[in-house]
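First the structure, in the form of structure tokens, and then the observations on it.
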2 protein chains.
Amino acid sequence: MKQITKYVIKNSLKRIFLYRACLVRLKLMGVERVYSYTLANETGVNSDQVRKDFSEFKITGNKRGGYNIDELLEKMESIFHRNKDHNLVLIGMGNMGQALSKYSRFVQRNMNIVATFDIDPFKQKQRSDLPVYSMNRLKEIIDRFRVKVAIIAVPEISAQEVADELVRHGIKGIVNFAPVLLKMPPDVVVNNVNLCDELESVIYYVHKLMKVDGIKNLELLYRDMKY
Amino acid sequence: MKQITKYVIKNSLKRIFLYRACLVRLKLMGVERVYSYTLANETGVNSDQVRKDFSEFKITGNKRGGYNIDELLEKMESIFHRNKDHNLVLIGMGNMGQALSKYSRFVQRNMNIVATFDIDPFKQKQRSDLPVYSMNRLKEIIDRFRVKVAIIAVPEISAQEVADELVRHGIKGIVNFAPVLLKMPPDVVVNNVNLCDELESVIYYVHKLMKVDGIKNLELLYRDMKY
DNA sequence: CATATTTTGTGATTTGTTTCACATCTTTTT
DNA sequence: AAAAAGATGTGAAACAAATCACAAAATATG
């Protein structure tokens, strides 16, 4: 049974990403131990929330002693399964696909695009650090590298078809850059990334901010923006 | 006064984007009138929520008659200021920057990147449909095209510096692809797009789904994912 | 070693969001 | 023209998330 797979990253999870980014930076600066209020200051959330979030993800510290950065980071890595390697496939080698295929941060975070795919044979010949295969080799690669997660960067017209094929071959998670809501079985996770929407929402809030008069309304707006 | 500018798109706003995408599709299919449950089915939210969201954004329909697609779309366009053109600048012509500069959907939605910038003179000479300027022409372009919103696609090391300069020249909204939390004055809107986080969160939920046994836990998980 | 201080972790409270339920208006049917 | 049916719009209720507040633990101090 297929259904619309619209999935939103929980805010608490987003904040965990935030905390981690700060921890990495602090560690580089030589800091060894942090307190909930350290992270609060660095990330703009309040310290109660930091602790509540940690509690949700079963992260504990030392009463009075705060948190040891290394332990925290290790805990977070295990939460996100970063201790393991993750093989990915990328479908669609247009603009966005090519940029993603060269995006070095994925590798730094143990996420490896093992192969890319495109229907256009010309793109398959193009110079690229990664192999560009035609779609008929999809199953072979997914099986060989035990791929569970795919990135879709194809035109919207073919996104659903591609997604269906991926799922048939065992893919369980999709980051979808095509502006379509995919209809998927309920055991497949889909995260839609829509760049236009990201931009438009900024434009929306900028207009709202410019129209605001008086400090009280400004505070209301910040609340609205979940500042 | 600068502060961490961490900003989250409200879920109701995200759903409005969703509704709009559906409406556009339905219109192409020749549909003229929709009901709250039509949109509900198409987007996977429930019909009460559709109506509540519309109410939040002051969108009204006809009792019994549902909503006229053209009117709805027009209303939404005015909410997002799509009736006007929006000039953007893009800073950083690395992988991601180059992909974004060619991203045709921005133009389709009345968002025009009028110029791109990079510190590397080589990239400035590279073949591109858009001019690639060095940073010292930033002010001139921002003024000439009345640019209010910028896209940052520079390495994380220089993101804060670039953002500061943008704000000095009057930029009020930023879509930031660099994995850094920018410290900005409170009247500047920042939307951080972090591709690694998007991928990792999918990996996180995929692992969670695979570990789930029994239908009850599955439902709990869906709730957790705000399915 | 007792007391003071600091910070965590978590129930209790408040605030925000989603769902429910129904009055209201509009159209269709008889 | 009255009754029935269908959809909206919105208070009320239920649920979820964020903040408050404080007991408990760990460390520091005298």
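Residue numbering restarts at 1 for every chain, and letters A, B, ... go by the order of the sequence lines. Atoms considered below: every heavy atom in the structure, side chains included; atoms not considered: hydrogens, waters and symmetry mates.
- For dT8(C), neither phosphate oxygen OP1 nor OP2 lies less than 4.0 angstrom from any side-chain nitrogen or oxygen of Y35(A).
- Comparing atom distances between the K52(B) side chain and each of dT19(C), dA7(D), dT19(D) picks out dT19(C) as nearest.
- The shortest side-chain heavy-atom distance between M96(B) and L100(A) falls under the 4.5 Å cut-off.
- Taking the ring-ring contact (aromatic ring centres under 6.0 Å, His included) definition, one finds that F80(B) meets it with Y204(A), F17(B), sequence neighbours left out.
- At a threshold of 4.0 angstrom between heavy atoms, the contacts of S36(A) are confined to the sugar-phosphate backbone, with no base atom among them.
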(Q) Output one letter per nucleotide in nucleotides 21-30 of chain C: B when a protein non-hydrogen atom lies under 4.0 Å from the base, S when only the sugar-phosphate is that close, - when neither is. (A) B--BBBBS--
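- Within the 4.0 angstrom heavy-atom criterion, only backbone atoms of the sugar-phosphate kind lie near T60(B); the bases stay farther away.
- In the set dT8(C), dG11(D), dT10(C), the nucleotide with an atom closest to the side chain of S55(A) is dT10(C).
- Regarding L72(A), its CG atom lies at a distance of 13 Å from the C1' atom of dT8(C), rounded to whole Å.
- For R15(A) and dA18(D), the shortest distance from a side-chain N or O to OP1 or OP2 is below 4.0 Å.
- Rounding to whole angstrom units, CZ of residue F57(B) and C1' of dT10(D) are separated by 17 Å.
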Contacts table for residues 48-58 of chain A: side-chain donor-acceptor under 3.5 angstrom, sequence neighbours left out:
| unit_1 | atom_1 | unit_2 | atom_2 | d |
| --- | --- | --- | --- | --- |
| D48(A) | OD1 | R51(A) | NH2 | 3.2 |
| R51(A) | NH1 | S36(A) | OG | 3.2 |
| D53(A) | OD1 | R15(A) | NH2 | 2.8 |
| D53(A) | OD2 | R15(A) | NE | 2.6 |
| D53(A) | OD2 | R15(A) | NH2 | 3.4 |
| D53(A) | OD2 | Y19(A) | OH | 2.7 |
| E56(A) | OE1 | S12(A) | OG | 3.3 |
| E56(A) | OE2 | K10(A) | NZ | 2.8 |
| E56(A) | OE2 | S12(A) | OG | 3.2 |

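- Here S12(B) lies out of heavy-atom contact (under 4.0 Å) with every strand.
- As a whole-Å value, the separation of L39(B) CG from dT8(D) P is 9 Å.
- Protein atom NZ of K10(A) is 13 Å distant from nucleotide atom C1' of dA18(D), rounded to whole Å.
- Rounded to whole Å, atom P of dT17(C) lies 12 Å from atom CG of L13(B).
- For dT19(C), the OP1/OP2 oxygens have a side-chain nitrogen or oxygen of Q49(B) closer than 4.0 Å.
- With sequence neighbours excluded, the residues forming a ring-ring contact (aromatic ring centres under 6.0 Å, His included) with Y37(A) are Y35(A), listed by chain and number.
- Residues L39(B) and L23(B) form a side-chain contact, since some pair of their non-hydrogen atoms from C-beta on lies under 4.5 Å apart.
- Among residues at least two apart or in separate chains, there is no ring-ring contact (aromatic ring centres under 6.0 Å, His included) pair with a member in residues 172-197 of chain A.
- Residues passing the ring-ring contact (aromatic ring centres under 6.0 Å, His included) test with H81(A) are H207(B), sequence neighbours excluded.
- Atom CZ in R33(A) sits about 12 Å away from atom C1' in dT8(C), given to the nearest Å.
- We find that CD of E71(B) is positioned 14 Å from P of dT8(D), with the value rounded to whole Å.
- Among the heavy atoms of the strands, none lies under 4.0 Å from F54(B).
- When the P atom of dT8(D) is taken as reference, atom CD1 of I59(B) falls 13 Å away, rounded to whole Å.
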